[in-house]
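Residues: numbered from 1 along the sequence shown.
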Amino acid sequence: METESEPYVQLAALRQLHQVMADLNTARSLADTLQRVADGVVNGLGYELACVNLVRPDGDLVVAAFAGNPAAEALITGRVGSRDSWERRLSMGEHWGDLVFIPHTEGWILDDDDVPQWYTDGPAPRFEDEWHPSDRLFAPMFTPGVQGGSCGELIGVLSVDRPRNGRLPGAWGREALQMYAFQAAIAISNARLRANMQRALVRLEREQQALRASEESFRQAFEYAPSGMAIAEMGGDQHGRILRTNDALCRLLGRPASAMRRYSFSDLVHPEDIGTLLRTSAEGGRAELRLGRRDGSYVWVSLRNSVVADAADGPRFLLTHVEDIEDRKRRELQLAHRASHDSLTGLPNSAELRARLSSRLCQRPAHPGALETVDAAYGHPAFDVNGHGFDLGPGTDPYDAFDHHVHTAAPESEHDDGTKGLAVLFCDLDGFKSINDRFGHNAGDAVLIEVARRLSRQVRDGDTVARLGGDEFVILADGLGRADAADLAVRLRNEIIQPIRAEGRAVRVGASFGIGWAHCGMTADEVLKSADERMYVEKRSRPKQHRRAG
């Protein structure tokens with residue numbers, strides 16, 4: 001998924017990782033959950049092979065699921081490795097957090113133990129961080145409930161082989177695998193818990209004679225579950241009212257059980273998540289949303305519903321499983337921020353800038369006259385903003401040529417004609433290279449940070465200030481006319497040329513601005529290129545000695 005030279009994670013890979021992690025808890029059985037864990041390593045983390053070794057009741061580990069190679073799967077699925085051999089493996093090699101990496105230089109001593117294993121054919125490494133066919137990487141999985149899992153009970157081990165890029169995983173790749181193993185352990189524990197609860201419910205329906213024993217089994221599973229559980233009314237005027245909660249849910253929300261019975265989940269959910277909650281009220285409904293704590297804060301949870309039914313009377317109440325996912329959500333936000341923001345200035349980076357700009361532009365070519373919305377089903381003709389009709393061609397549906405989109409228009413005249421548009425200001429610092437050369441890169445970094453702060457301070461809420469790279473910045477400001485954009489460029493330039501403290505001395509840089517205009521039918525790169533070209537015209541039009549102050 002990454003190489004050491006990549007400072008940011010590709011957003012597509014990040015979304016794929018989030019998707020496979022979300023899919024872990026959608027399986028309906030333990031076997032399906034185990035297979036999804038193995039498939040997620042291959043499909044989401046970018047390894048060629050993955051094996052789930054599950055701890056059996058006797059302590060040994062059995063190969064319970066495999067992904068990536070049908071021949072290897074048929075060879076080792078169901079085989080067992082002793083606990084002693086596994087503990088030996090997990091105690092040697094290099095420890096990357098909770099991960100264990102055994103390089104090929106050490107792994108040869110394990111060739112004769114009883115742990116099922118395989119090898120990927122391939123040439124010996126050609127460079128230092130290339131994956132060797134005999135390298136081994138393990139991700140232990142521990143029972144949830146203990147931070148980081150390092151002190152929890154071992155429930156299994158993920159074995160992975162050969163990243164698709166052929167390199168040893170870097171810092172982000174290791175963190176992603178460790179986080180995935182943590183979530184996989186929760187999913188496996190939850191699958192076991194659901195299986196136990198489902199068996200208890202089946203016994204309630206099929207064995208009236210064992211009703212008391214089944215109720216006690218359910219009570220034990222409910223009360224002592226490591227994650228939150230609640231029972232709520234289903235149907236009637238009191239639908240959704242909480243009848244019973246376990247201790248884990250009360251601790252999570254900081255509310256006593258007696259107080260919880262005064263609420264329904266709709267009373268506790270964050271206002272922005274109420275629609276999500278309503279969509280999960282059916283059996284099997286699952287959602288990630290925020291619940292309110294007693295102190296007024298909110299915590300991210302994964303909520304899953306099951307309907308507990310009576311054979312005679314039909315559905316009676318909802319059994320809701322609530323899992324704390326605050327840490328995962330925080331990590332996801334951190335990873336997403338790293339992928340979309342510049343690490344030095346904290347501004348949106350080039351990829352995020354292009355994404356925001358592209359979201360404002362039609363994906364299909366637009367007619368020179370911006371179209372109003374047309375309903376072709378009623379045979380209405382197409383009109384431009386001046387009321388003139390034009391032919392889209394025989395059999396053409398206007399919806400095929402124009403999206404339901406508020407078109408981004410640009411001022412047509414070089415003079416301010418009152419048209420407001422999306423201005424793109426391309427800023428290049430003047431004299432920045434000499435600061436790096438004379439005072440060093442620390443001084444240069446301090447200048448870039450201060451320029452980013454000054455630019456952000458001068459724009460409006462809703463405008464975007466991004467660092468395109470090096471000493472180039474871009475500002476997206478919507479709803480401006482030509483005079484407004486020119487005034488903004490002057491204000492920003494005057495702010496930048498003020499002295500900046502860097503490495504104990506006052507330095508100055510200038511700034512050249514080029515103003516481009518975004519309109520539908522252009523790509524983001526075309527808009528940026530237009531503003532860049534105007535910036536160079538502006539830079540060349542001024543004498544060199546006037547390009548920066550002092």
Side-chain angles (χ1 to χ4, degrees), residues 20 24 27 29-96 98-122 124 131-143 149 152-164 166 168-169 174 177-178 180-182 184-185 187-189 191-192:
V20 297
L24 293 180
S29 67
L30 177 59
D32 192 12
T33 298
L34 294 170
Q35 189 58 51
R36 291 197 184 194
V37 169
D39 292 341
V41 174
V42 174
N43 298 330
L45 296 180
Y47 292 91
E48 292 184 356
L49 299 175
C51 177
V52 180
N53 302 275
L54 193 64
V55 176
R56 303 192 310 181
D58 63 2
D60 292 338
L61 281 74
V62 61
V63 177
F66 195 95
N69 187 316
E73 178 180 359
L75 178 65
I76 69 171
T77 299
R79 293 177 56 188
V80 177
S82 67
R83 184 61 173 264
D84 289 341
S85 295
W86 270 109
E87 289 182 350
R88 182 187 183 195
R89 288 178 174 230
L90 298 181
S91 64
M92 63 182 296
E94 302 174 14
H95 287 259
W96 298 342
D98 285 341
L99 305 180
V100 176
F101 173 70
I102 303 178
H104 62 279
T105 54
E106 299 179 27
W108 62 271
I109 65 174
L110 302 174
D111 291 344
D112 295 328
D113 68 12
D114 60 359
V115 172
Q117 56 191 349
W118 67 93
Y119 295 97
T120 302
D121 293 332
W131 183 275
H132 189 278
S134 297
D135 286 340
R136 297 174 174 89
L137 180 57
F138 305 117
M141 298 181 292
F142 301 91
T143 53
E153 179 184 353
L154 183 71
I155 63 172
V157 179
L158 278 176
S159 304
V160 302
D161 191 30
R162 187 172 175 78
R164 289 197 183 96
L168 298 177
R174 300 173 189 178
L177 179 57
Q178 184 170 316
Y180 183 84
F182 179 76
I188 293 171
S189 297
R192 285 175 165 172

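Partners of Ser85 by side chain to side chain donor-acceptor pair (under 3.5 Å), not counting sequence neighbours, listed by chain and number: Ser82, Asp114. A search for ring pair (Phe, Tyr, Trp, His ring centres under 6.0 Å) contacts involving His104 returns His132, not counting sequence neighbours. Taking Asp84 as the reference, nothing meets the salt bridge (Lys or Arg N to Asp or Glu O under 4.0 Å) condition, with sequence neighbours excluded. Partners of Glu87 by salt bridge (Lys or Arg N to Asp or Glu O under 4.0 Å), not counting sequence neighbours, listed by chain and number: Arg83. Residues passing the ring pair (Phe, Tyr, Trp, His ring centres under 6.0 Å) test with Phe66 are Trp118, sequence neighbours excluded. Taking Leu90 as the reference, Val100, Phe138, Pro140, Leu154, Val157 meet the side-chain contact (heavy atoms from CB on, under 4.5 Å) condition, with sequence neighbours excluded. With sequence neighbours excluded, no residue forms a side chain to side chain donor-acceptor pair (under 3.5 Å) with Glu106. Judged as a side-chain contact (heavy atoms from CB on, under 4.5 Å), and not counting sequence neighbours, the contacts of Ala64 are Leu34, Leu54. Residues forming a salt bridge (Lys or Arg N to Asp or Glu O under 4.0 Å) with Arg79 (at least two apart in sequence, or on another chain): none.
Between Pro116 and Ile76, the shortest heavy-atom contact is CB-CB, 4.2 Å. Between Ala139 and Ala181, the shortest heavy-atom contact is CB-CB, 3.9 Å.
Under the 4.5 Å side-chain criterion, counting only non-hydrogen atoms from C-beta, Val63 is not in contact with Val80. Residues Val42 and Glu48 are not in side-chain contact: their nearest non-hydrogen atoms beyond the backbone lie 4.5 Å or more apart. The side-chain heavy atoms of Leu177 and Leu137, taken from C-beta on, include a pair separated by under 4.5 Å. Residues Leu99 and Glu94 have side chains not in contact (no heavy-atom distance under 4.5 Å, counting atoms from C-beta outward).
Evaluation of the salt bridge (charged side-chain N to carboxylate O under 4.0 Å, His left out) test over residues 33-43, restricted to residues two or more places apart or in two chains, returns Asp32-Arg36. Counting only residues at least two apart or in different chains, side-chain hydrogen bond (donor to acceptor under 3.5 Å, both in side chains) contacts with residues 53-74 comprise Asn53-Ser159, Arg56-Asp58. Counting only residues at least two apart or on different chains, no ring pair (Phe, Tyr, Trp, His ring centres under 6.0 Å) pair has a member in residues 33-55.
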Criterion side chain to side chain contact (heavy atoms under 4.5 Å, CB included) on Leu49 and Val160, from CA distance to verdict
CA-CA 6 Å; Leu49 299 175; Val160 302; over 6 Å; no
Stepwise side chain to side chain contact (heavy atoms under 4.5 Å, CB included) check, Arg192 with Thr33
CA-CA 10 Å; Arg192 285 175 165 172; Thr33 298; over 6 Å; no
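A donor-acceptor pair under 3.5 Å is formed between the side chain of Arg174 and the backbone N or O of Pro169. Looking at Arg88, its side chain never comes within 3.5 Å of a backbone N or O of Asp113 through a donor-acceptor pair. Under a 3.5 Å cut-off, the side chain of Gln178 and the backbone N or O of Asp98 do form a donor-acceptor pair.
The side chain to side chain contact (heavy atoms under 4.5 Å, CB included) with Leu61 is formed by just one residue from the set Ile155, Val115, Val55; it is Val55.
Between Asp161 and Arg136, no side-chain nitrogen of the basic residue sits less than 4.0 Å from a carboxylate oxygen of the acidic one, so the salt-bridge criterion is not met.
A distance of 6.5 Å separates CZ in Arg89 from CD1 in Ile102, rounded to the nearest 0.5 Å.
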